[in-house]
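Read through the structure below, which is laid out as structure tokens, and then see the notes.
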Amino acid sequence: MRCILLIVIITLSFPSIGQQQKKVQFIGGARSLISVSDFSTDAGDSINPPKSSGGYALIDLGVKIRTNKHTEILGMFRIRNEYGGFWGSGVAFDVRQLYVRGVAGNVVRYHIGNIDYKLTPYTFYNHNTDILTSSHGSMAIKESVFNYESFYKENTWRQQGASANFAIQFPKLIDEIEFNGFIARLNPSNFSTIMDRLYGGGNMVITQSKNAMIGLNHVSVFDVAGTAIDSNVYSNNVSTLTYDITFGNNKYKYGIDGESGISSSELALNQENKLDDYFIHARGYFNFKKTNLGFDLGYMNNGADFRSFGAQSKRIDYNQQNNFFNRYTNDQILRPVSMYDIYNDPTLYSVGITDKVMQYNPAVNNVLPYGLSTFNRTGFYFGMNYTDSSKVIEGSAKFYSLQEVRGQGTTALKSFNYLKSDIVLNVSNLLKWKKKLKLHAGLAYQTTNRSTEFVFEEVNLTSLTLNTSFEWEVIDQLYLLGNFFILQSSGTDQLPIRNSNDVIINYSSFNVDGMESNLAGGLKFNFSEKVYLALMYESSKNNFVLDNPYQFNQMAIYYIIKF
Amino acid sequence: MKKFLTITCIGLTLLSCRKDELQNSDGPSLQDIYGPFTIINTLAASQNTVDFSAGQSVYFTCELSKTINWEMRIIGQTSGAEKIVNGTSKIIDASEFTWEGSTTNLPVFRAETCDVFLTFEGETDTLTTSVTIDQPKTNEGFVLANFETGWLLGWTSFIQSGASMDFNIKTDPSSPVGDSYYNMQGEVDWDWLVGLVNFNATAYGSPTLPLTSNPDNLYFNALIYGDSTYINSRILFQFEEDEDGDGSFNISNEDQFGYEIIIEWAGWKLVSIKYSDIIGNGNGGGIHNPDKINKVNMLHLADPLSGIAKSKLDYIIFTENEPVNL
């Protein structure tokens, strides 16, 4: 047999293979947070105490055991103690991670237990849809905390299940075919009305050469018939084709990539509400290798009935209540989830996918509330990015011009414009300082419009997110941090209200005219690359709730260790 | 290979036109929810006169500019009977409501002219029309008593000798069906029983009542009046089955089923119950045999300590398949 197939394992993300590792290794982290807050509202509040203080200390202690050179077991426990808790009160013990992974038969890599997984942006992907600008300074500290708490790693979702993958290499025609598969359980049966709901899928990626790749992807949310008395089995299937074809030479590179596919969602006994649709997403890109300047032009057409819950689940569930000053004023109104909460409260974040259309906040992101896989969007986008050779300036910008595919309540379509940009100026590189000084500015500006002959159909909503920050190393490893953040939104929109079958049954008028601002400053001292102490003070104002504006000041101390 | 992939990808992109989507929209129309309310075609009846007894029906038409919650109220000019229908639609037609002569609020409609009013939630407009009933609706079933022809030969009764006793058929406009009803009133301070009427099958010319043998398909219905100032009345209906067919009822070895109604309402009310749901003494095996009923007893009861008790009774009817639709 002249054509020899080489079946290989993929070793990139499993460092134990081929390396000398300790048989038992302790890993984990520790964090301590103390905060004091002072809350007030112009509407008057004689019910809630204006000040609160609290904090906690926690340690995540993991034991990684390598039973042999092909098998690894990890168990991680969390011990958390609220400040003020003592002798068991306020102390919580929990299992944070548990998995077994290894290589079977020197061919198939497997992972059972907690898996952090993603496939493609339209099948299984954790889009970050509520924080539109990159985080630096004190916000980077906060983002690292909730990313750690929620297991967000490079757009993966944490699942409980199993995954496996292997690859076959070929001597000619194509380089490699890689196979990936996973299965996870979304919810258990209650043995009555709720069936076991699983989520599984995988892909086959054919790499023809380093310049051409094509992949077939499929994911499915499905009920296991027979695990409950109810026989109305639900399923959501998504199949896509991904590709990336590159041309160029040593000066520049250009090519096209994208993803296209179909989806179907149905309840077996409720076929009238079955949803079938498709999407197309194609992008052309051009990069100058020498100057690190790149451009891309993309087209997307996501059908109104395209559903892919692995890619359309949001990190934030806006239906939930805050934990921090959740009611205020003498009328004890609920305080809506604000950007302050999004940056500061890890408990607001979902740690798994949700198999329904989640609510979003139009003031934050009305254009792509479910990321690139947002349904009912079509149009073009243009982007550019630049990094100079000495990394003085790192910048990126993207502009989306989209509209609905199908109108909601009218044949008139909403149109969307969205400009997002981040720029980082490394002053220390510019002035060749040894101490670091970094300035950052991020911007996200969105507009939503629908103009018709009827006033009641008109939509006009704008929102602006502005995030500026600096990090200045005043003495060795001691950084002065500063942030200024604004979210401003005004206008109206009509948001669909859906029933449990994902059918629009009514609309709610969304009227907004408010602003949230946050001014923060602090000090951060790095004891080492993985250990730091940060002291931060911030002042926030929020007037999104009509007639009930509020503001608060907060001081917090973070002590973070990773090992 | 690369050329093939490039052409395929560009081709897929070009195929992504969705011209059909531009003609469609998701969800209810915004025009229906937020648009201005106007009347495009006013309220009209499909016919001016209707004979419900002949199985005729009438429907009403109206066209509006938007979907809205509406209420149609039909009121008999003579009887004061009311039929009330609620709906949510943009067009009112036979698919929304077809009137076969039934009643929402008693008394029932008679041969009379009815005014029809159509109102809309949140709007001040009221549309009107009228329709004349040539003959009112009739109901299929076995009428045990409607008191229209007086005391039937074969009925028997026992009335206690208490105070203010008035157990008589009365004829006045307050009758819910027809012109007459049975009035029950009295104060008996030594016994729960105030008075009773025995509706014997012999009064109808046969040893048992002419009813189906299927108890799951038979409904017992009666109109009962509650007096808001005397809420102590209760009525017990007893159904005696002649199991052995000897022409008489023996409580020791034959089934008697009982349905007691505590009157806690004011005005006329229709009570209906499936015959198989009525509880029995079990002396005859406990099997419901409605075709063997040879007597229905109606007992008017009241707590002897509660003073005078008042109630009225009308239109006692057995129906098949469903409760009577007045």
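To find a chain, count down the sequence lines: A is the first, B the second, and so on, and within it residues start at 1. Quick caveat: nothing in here was measured; it's all calculated off a predicted structure. The analysis underlying the following values was restricted to heavy atoms, covering all of them including side chains, and did not include hydrogens, waters or symmetry mates.
Both the backbone and the side chain of A/Ser509 have a heavy atom closer than 4.5 Å to some heavy atom of chain B. Residue contact with chain B, scored on non-hydrogen atoms closer than 4.5 Å, involves the side chain of A/Phe454 exclusively.
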Exercise. Tell me, with the steps shown, if B/Phe52 and B/Phe109 meet side chain to side chain contact (heavy atoms under 4.5 Å, CB included).
Key: CA-CA 10 Å; B/Phe52 291 127; B/Phe109 287 93; 5.8 Å; no
Exercise. Give the C-alpha distance, both sets of side-chain angles, the deciding distance and a yes or no for side chain to side chain contact (heavy atoms under 4.5 Å, CB included) between A/Asn366 and A/Asp493.
Key: CA-CA 9 Å; A/Asn366 202 38; A/Asp493 196 359; 3.0 Å; yes
Exercise. Check the pair A/Asp175 / A/Gln208 against side chain to side chain contact (heavy atoms under 4.5 Å, CB included), numbers first and verdict last.
Key: CA-CA 5 Å; A/Asp175 284 354; A/Gln208 189 264 335; over 6 Å; no
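Looking at residues two or more places apart in sequence or on another chain, you find no side chain to side chain contact (heavy atoms under 4.5 Å, CB included) involving A/Ser451. Here A/Asp244 pairs with A/Met213, A/Thr246, A/Asp257, A/Tyr285 under the side chain to side chain contact (heavy atoms under 4.5 Å, CB included) rule; sequence neighbours left out.
A/Thr120 and A/Asn217 share no donor-acceptor pair across their side chains, judged by distance under 3.5 Å alone. Side-chain contact of A/Gln494 with A/Gln408: a donor-acceptor pair under 3.5 Å is absent, judged by distance alone.
Within residues 26-38 of chain B, the residues having any heavy atom closer than 4.5 Å to a heavy atom of chain A are B/Asp26, B/Gly27, B/Pro28, B/Ser29, B/Leu30, B/Gln31, B/Ile33, B/Tyr34, B/Gly35, B/Pro36, listed by residue number. Using a 4.5 Å heavy-atom cut-off against chain A, no residue of residues 95-103 of chain B qualifies as contacting.
Distance CD1/B/Ile92 to OH/B/Tyr59: 13.5 Å, rounded to 0.5 Å.
Judged purely by atom type and a 3.5 angstrom limit, A/Asn302 uses its side chain to pair as donor or acceptor with the backbone of A/Leu372. At distances below 3.5 Å, at least one donor-acceptor pair connects side-chain atoms of A/Asn376 with backbone N or O atoms of A/Arg406.
Ring orientation note: the planes of B/His288 and B/Tyr275 are nearly perpendicular, at an angle over 60° on the 30°/60° scale.
Among A/Leu173, A/Asn506, A/Val503, the residue making the largest number of heavy-atom pairs under 4.5 Å with chain B is A/Asn506.
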